[in-house]
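What follows is a set of notes on a single structure, which appears directly below.
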Amino acid sequence: MVENRPFLTFLTHAALILGVTFLCFPVWMALVASTHGPDALARSPIPLWFGDQGWQNYSQLLTIGLPEAGGVPLGRMMLNSLIMALAITIGKIAISIISAYAIVYFRFPFRMGFFWMIFVTLMLPVEVRILPTFDVVTKLGMLNSYAGLTIPLIASATATFLFRQFFLTVPDELVEAARIDRAGPVRFFLDILLPMSRTNIAALFIILFIYGWNQYLWPLIVTTEEDLYTIVMGIQRMTNSGEALPVWHFIMGTAMLALIPPVLVVVAMQKLFVKGLVDSEK
Amino acid sequence: MANLNLSRLGKTYPGNVIAVSDVSAEIEHGEFIVLVGPSGCGKSTILRMIAGLETITTGDLHIGKRHVNGLEPGDRDIAMVFQNYALYPHMTVRKNMEYGLRNEGLPRAEIDTRIAEATRTLRLEDYLDRKPRQLSGGQRQRVAMGRAIVRDPAVFLFDEPLSNLDAKLRTQLRAELKSLHQRLGATFIYVTHDQVEAMSLAHRIIIMSQGRVEQIGTPMDLYHRPATRFVADFIGTPAMNMLNATLSRDQASATLADGTAIPLPAPISRPPGAALTLGLRPEHLVVGHAGPITLALRSVFTEHLGADTLLHACLADSDTPVIMRLNAADAPAAGHMLTASASPDKMHLFDAVTGARIAT
């Protein structure tokens, strides 16, 4: 039972406000820093309120880019990140939902063997298999291409497993009713299973999009051409500017811009996301 | 016209688990057949074999003139209503009902006509645009029936369709089902574990136990001439009273364990001393010494059900339970001794070993 006492209300609110402040402060600092000139941030104390250079900073980032980061405009990097994140997300969902469908609804030899093979790869994150994967990608001539950037990250045990668990909760009678309604395997998948998985797909979309957007190590390894740099790599290159002082106002500006797409995705799909985590609508 | 012919149907699951064996039945077009039996007796398996949801291990199944063993469920000209309704949760009532028709490729106008007709029959007009989760259990079950009706199949299959509903709704839907059957004139095959449902709905009942058919017959057949002890016990509430006895030397009477002699309706040709089970329905026992069968009973407790009263008693010298259905509320108090009488021609005789009925 939820108790309703003024003191407890105060306490819970205080705790929540504290948490939110704690969480948001760095973001606030980044936002403020991106509107100042380079000197303001090198001095102490660092400013806590907006400066007057915001417009200048952002327009430089978006149009000409930074000489320190190879001079690529941010727009290009954002686009690369977006393409990579979307390809990884859509690819992962498409492949895992199909393989989960096969594993749950079809009887074929070594079915469980295949399931366990997929499941075991859960334990192998990208970092562990990065050298052999790099080798394969090189031999296939996929270095410096969107394909090389995305395909090795697409196969996903987690998503397959989640869809499998969801499909197992779908009552058998639905399949049987569909068979009586003359729906073949493809029809059943498209007309019934896919719409029923809507909330799960939305939840996975958010998680995987952020996963894809934040990829750092893999793009760093497979791309050497500046045209394919992603935004996360861009930030890293700016901080690693060798002898020169890091250009904090630009770095923070880039970070702010890099935040926008994931935030948009979360806001847009939030309702479905919560639904997907809370109930499965049966 | 679609007669159904089940010829020596059998189902064996991997690991040599025999779910159903050797079931034969001839079902006429337009019949209302109820498959009844305790859970695990194979009645649902038979239904699912007819539907095509289970493969048939042995035997042949004909719907009409067609041999359908190898056909997909969608090609068998059947429709099925499931216990948990199995409605597509993301589709509206209308979409649920038209899904099968769209897959068949029927023209739009035809689909609309059929849905309008079915919704009128089932009084679902107001719910066509709702999702299943916005409906009550009874309404969902009606939608499931609607989905079956619009397909206009030769055979309707029902798998315990009313078990998820409360008692009142169950009675109401039972009546609706019966009138639906009369209106459609199609063959209905209905699975239930509830013998009251079976008795009230069926033209003929197929009663099953442990994967075998015990008896096929009209409800009154099963009630008045149960073929086995199992059927006698299963049909009728409260259940038939069963008394163990041995055949006397004169072959015209039987002796209970306490020595009471029970006259049989006619002499039977079995060796004296053969073990028999005597069955007497609760409604065929009356209080008094009228005979010819008299039993000394000790009353245990009474149940007042309004229209009648059930007296739970046991044989005076043993714990064998005996239940009597009395009209008046004049049942004796607990612990009271009484004498009950019955007529021998109301008695059922079974072989105590095989459980088969002994004709008299």
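The analysis underlying the following values was restricted to heavy atoms, covering all of them including side chains, and did not include hydrogens, waters or symmetry mates. Per chain, numbering begins at 1; letters A, B, ... match sequence-line order.
- Around atom CD of E176(B), more than 12 heavy atoms belonging to other residues, nucleotides or ligands sit under 6.0 Å away.
- With N103(B) contributing its side chain and D181(A) its backbone, the two residues share a donor-acceptor pair below 3.5 Å.
- Within a 6.0 Å sphere centred on CZ of F10(A), heavy atoms belonging to other residues, nucleotides or ligands number 12 at most.
- For the atom pair NE2 (H90(B)) and CG (L193(A)), the distance works out to 9.0 Å, reported to the nearest 0.5 Å.
- Of the residues considered (R48(B), Q83(B), R102(B), R76(B)), R48(B) shows the highest number of contacts with chain A, using heavy-atom pairs under 4.5 Å.
- Of all heavy-atom pairs between A86(B) and A177(A), the closest is O-CB, 3.9 Å.
- Here the closest heavy-atom approach between residue P73(B) and residue I180(A) is recorded as CB-CG1, 3.8 Å.
- Around CZ of F106(A), the count of heavy atoms belonging to other residues, nucleotides or ligands within 6.0 Å exceeds 12.
- More than 12 heavy atoms of other residues, nucleotides or ligands lie within 6.0 Å of CD in Q172(B), so this atom counts as buried by the packing criterion.
- Residues E72(B) and R182(A) are not paired through a salt bridge, judged by the lack of any N-O separation under 4.0 Å between the basic side chain and the carboxylate.
- Pairs engaging residues 145-154 of chain B under the side chain to side chain donor-acceptor pair (under 3.5 Å) rule: E104(B)-R151(B) [sequence neighbours left out].
- The heavy-atom pair separating E176(A) from F82(B) by the smallest distance is OE1-CE2, 3.4 Å.
- In this structure, G52(B) and R179(A) approach most closely via the heavy-atom pair O-NH2, 3.4 Å.
- Residue contact with chain A, scored on non-hydrogen atoms closer than 4.5 Å, involves the backbone of L87(B) exclusively.
- Minimum heavy-atom separation, I192(A) to M91(B): CG1-CE, 4.1 Å.
- The parts of D191(A) that come within reach of chain B are both its backbone and its side chain, each placing non-hydrogen atoms under 4.5 angstrom from that chain.
- Going from atom OH of Y85(B) over to atom CD of E173(A) covers 12.0 Å, rounded to the nearest 0.5 Å.
- For Y99(B) against A183(A), the heavy-atom pair with the smallest separation is OH-CB, 3.5 Å.
- More than 12 heavy atoms of other residues, nucleotides or ligands lie within 6.0 Å of NZ in K178(B), so this atom counts as buried by the packing criterion.
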